[in-house]
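These notes concern the structure reproduced below.
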There are 2 protein chains.
Amino acid sequence: MRIGEIAALVGVTSRAVRHYHHMGLLPEPERRANGYRVYSVRDAVLLARIRRLSELGLSLDEVRDVLADDAGRELAEVLGELDADLARQEEEIRGRRRRLAELMTEPLPPEGPVSPTLARLLRAAPDTDSAMAAKDRELLVLLDTAGGGEEFYEALHPLLEDPGVLSLYARLDELAEAAADDPRVGPLADALTAVVPEALLDAIPEGDGPPVPEGVGAAIFRDFSPAQAEVGRLVMEALGRMRKRRTTKTDGKKPE
Amino acid sequence: MRIGEIAALVGVTSRAVRHYHHMGLLPEPERRANGYRVYSVRDAVLLARIRRLSELGLSLDEVRDVLADDAGRELAEVLGELDADLARQEEEIRGRRRRLAELMTEPLPPEGPVSPTLARLLRAAPDTDSAMAAKDRELLVLLDTAGGGEEFYEALHPLLEDPGVLSLYARLDELAEAAADDPRVGPLADALTAVVPEALLDAIPEGDGPPVPEGVGAAIFRDFSPAQAEVGRLVMEALGRMRKRRTTKTDGKKPE
DNA sequence: CTTGACCTTGCCGCAACGTCAGGGTTTCTA
DNA sequence: TAGAAACCCTGACGTTGCGGCAAGGTCAAG
């Protein structure tokens with residue numbers, strides 16, 4: 001047999017046969033004077049085993065190992081972990097399809113696909129063209145992608161649905177060109193601090209170190225005007241104090 | 001933010017971020033004087049969308065396309081065919097796992113994993129150390145791999161389980177060194193022809209052309225001694241005559 | 001004599017990065 | 001103040017299982 005014949009017989013391509021030679025799965029057979037490979041029935045049988053094994057999903061390396069120890073000992077073992085691997089893949093695909101199905105039933109927000117929980121939150125939020133609100137949404141999406149926040153979306157619902165919050169956004173927007181010492185900064189920071197729900201306190205602090213790796217915070221603040229940044233700083237400070245008071249009061253929850 | 005920070009924030013590696021730059025998914029940001037990339041929140045938001053989309057299983061090319069037309073129009077379409085693709089993959093994995101399960105319940109023949117039908121046939125065959133029988137088994141495995149024969153394994157069951165067939169194999173083995181004109185050749189060919197079941201007639205002929213691509217037949221016959229090859233030739237000839245008689249009798253079954 | 005169907009070797013391409021190699025920068029620590 | 005740790009940079013190769021192409025040589029038929 002020549003290579004095309006053995007390939008057709010077993011149901012693979014000539015190219016694959018040569019590849020198996022190259023990988024050491026199938027020994028190089030004799031050559032005819034013109035250089036053509038000549039295959040025997042024994043080669044075909046071996047090639048057939050290679051095809052069957054690789055069709056089951058074994059990698060060529062695994063196929064080589066299985067063929068090497070001709071007892072069925074290793075085969076059973078490999079097949080076992082192969083099945084486990086396939087089970088894992090199947091589960092993963094199902095997970096992806098679940099997420100896909102969720103995405104396709106609900107209209108997805110313009111920010112792109114996000115977790116269904118956040119999608120509901122964003123849909124519930126009132127429509128606005130506030131620049132600050134847009135940034136907030138972006139940060140929420142970021143947090144969502146980072147896998148962070150799921151747990152306090154609940155706490156945010158009353159906030160985002162509250163039309164009163166829109167006026168706070170408006171006041172922030174008004175500071176888009178203001179300096180850090182603008183007189184409106186202080187009162188706005190107080191007003192914002194007042195509406196931040198308890199749940200956020202858990203999210204922000206996280207000990208002594210910066211909650212976000214420094215550069216991230218800097219990047220966020222760089223999008224703000226000096227006045228807006230100052231408001232942010234003040235709110236963060238106030239939240240830090242609130243947290244400290246709370247932890248000293250309730251104390252040793254997780255002494256670790 | 002530097003690259004490591006944005007990567008950690010969004011949950012990918014720095015290498016992936018650079019890769020997305022290279023692929024044109026994420027625009028190259030400004031550099032600091034030392035050459036470091038500096039990222040903004042906007043970059044992080046975009047990177048987050050990339051991660052989400054690619055996690056759903058979109059290829060980077062698809063991600064780029066989806067990001068390009070910022071309406072959700074194309075996205076829905078892509079998600080649709082993605083789901084179809086995943087469904088296909090899931091079905092394929094299930095098929096492989098089914099085959100695996102079959103293999104692992106029954107003890108598998110030393111020839112390696114074969115179709116369950118053939119596995120049953122091989123297990124039913126009596127134990128023997130006849131060289132000819134071994135070759136027969138090999139050819140059956142080959143046929144099985146080629147997807148050929150499933151249909152007449154049934155017909156072979158009575159043959160392979162018949163201990164009387166062992167004596168035929170023995171007589172073939174005795175011709176391992178014999179010449180083509182050995183007197184035992186003729187009678188043995190007749191005996192063999194007599195036991196070949198009807199069902200095989202459908203498998204062998206298949207029209208005028210050689211049933212197997214010439215070189216394959218040659219390879220099979222090269223494993224035989226001259227006497228054995230002669231027996232094979234005679235049996236094939238007889239089968240051909242039988243087939244022709246049958247087709248002229250029942251005739252126009254499939255005039256096409 | 002010319003197709004056309006084979007065969008040969010060898011090398012690039014793919015998808016989404018991981019992983020060096022071989023440098024420079026910044027920052028913490030002794 | 002020096003050295004080490006932890007970053008950053010570019011560039012290039014490795015992964016998997018072949019497909020496809022280039023640039024030939026071989027062989028049977030028309």
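Between A:Glu30 atom CD and C:dC7 atom P the separation is 18 Å, expressed in whole Å. The separation between B:Asp61 atom CG and C:dC17 atom P is 12 Å, rounded to whole Å. A straight line from CE of A:Met23 to P of D:dG19 spans 13 Å, rounded to a whole angstrom. At whole-Å resolution of the value, CD in A:Glu55 and P in D:dG17 are 14 Å apart. Straight-line distance from the NE2 atom of A:His22 to the C1' atom of C:dC11: 11 Å, rounded to whole Å. Between the CG atom of A:Leu60 and the C1' atom of D:dT15 there is a distance of 13 Å, rounded to whole Å. Distance A:Glu62 CD to D:dT15 P: 16 Å, rounded to the nearest Å. The CD-P distance, from A:Glu5 to C:dA5, rounds to 16 Å in whole Å.
Here A:Thr13 does not reach the OP1 or OP2 of D:dC18: none of its side-chain N or O atoms lies under 4.0 Å away. The side chain of A:Ser14 places no N or O atom within less than 4.0 Å of a non-bridging phosphate oxygen (OP1 or OP2) of C:dC6. Considering only side-chain N and O atoms, B:Asn34 lies nowhere under 4.0 angstrom from the phosphate OP1 or OP2 of D:dC9.
Taking for each of A:Arg31 and B:Arg32 the nucleotide of DNA chain C with the nearest heavy atom, the 5'-most of the two is the partner of A:Arg31. For the pair B:Arg2 and B:Ala16, nearest-nucleotide mapping onto DNA chain C gives the more 5' position to B:Ala16.
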In a table with atom names and distances, give each donor-acceptor pair under 3.5 Å that connects a side chain of residues 44-55 of chain B to protein atoms at least two apart or in another chain.
from, atom 1, to, atom 2, distance (Å)
B:Arg49, NE, A:Glu111, O, 3.3
B:Arg51, NE, B:Glu55, OE2, 2.9
B:Arg51, NH1, A:Thr145, O, 3.1
B:Arg51, NH1, B:Val10, O, 2.6
B:Arg51, NH2, B:Glu55, OE2, 2.8
B:Arg52, NE, A:Pro113, O, 3.3
B:Arg52, NE, A:Thr145, OG1, 3.1
B:Arg52, NH2, A:Asp144, O, 3.2
B:Arg52, NH2, A:Asp144, OD2, 2.5
B:Arg52, NH2, A:Thr145, OG1, 3.4
B:Ser54, OG, B:Arg51, O, 3.4

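The main-chain N or O of B:Met23 is found under 3.5 Å from a side-chain atom of B:Arg64 such that the two form a donor-acceptor pair.
Between the side chain of A:Arg15 and the base of D:dG20, at least one donor-acceptor pair of N or O atoms lies under 3.5 Å. In this model, no side-chain donor or acceptor of A:Arg18 finds a partner on the base of C:dT8 within 3.5 Å.
Counting only heavy atoms from C-beta outward, the side chains of B:Ser115 and B:Glu102 never approach each other to under 4.5 Å. Residues A:Lys135 and A:Phe224 meet the side-chain proximity criterion, which asks for heavy atoms closer than 4.5 Å. Under the 4.5 Å side-chain criterion, counting only non-hydrogen atoms from C-beta, B:Glu90 is not in contact with B:Ile93.
Atom CZ of A:Arg15 sits about 7.0 Å away from atom CZ of A:Arg18, to the nearest 0.5 Å.
Ranking C:dG18, D:dC9, C:dT8 by closeness to the B:Ile3 side chain, first place goes to D:dC9.
Residues from residues 35-53 of chain B lying near DNA chain C, meaning a heavy-atom separation below 4.0 Å, are B:Tyr36 in numerical order.
Residues B:Glu230 and B:Arg233 are paired through a salt bridge, judged by an N-O separation under 4.0 Å between the basic side chain and the carboxylate.
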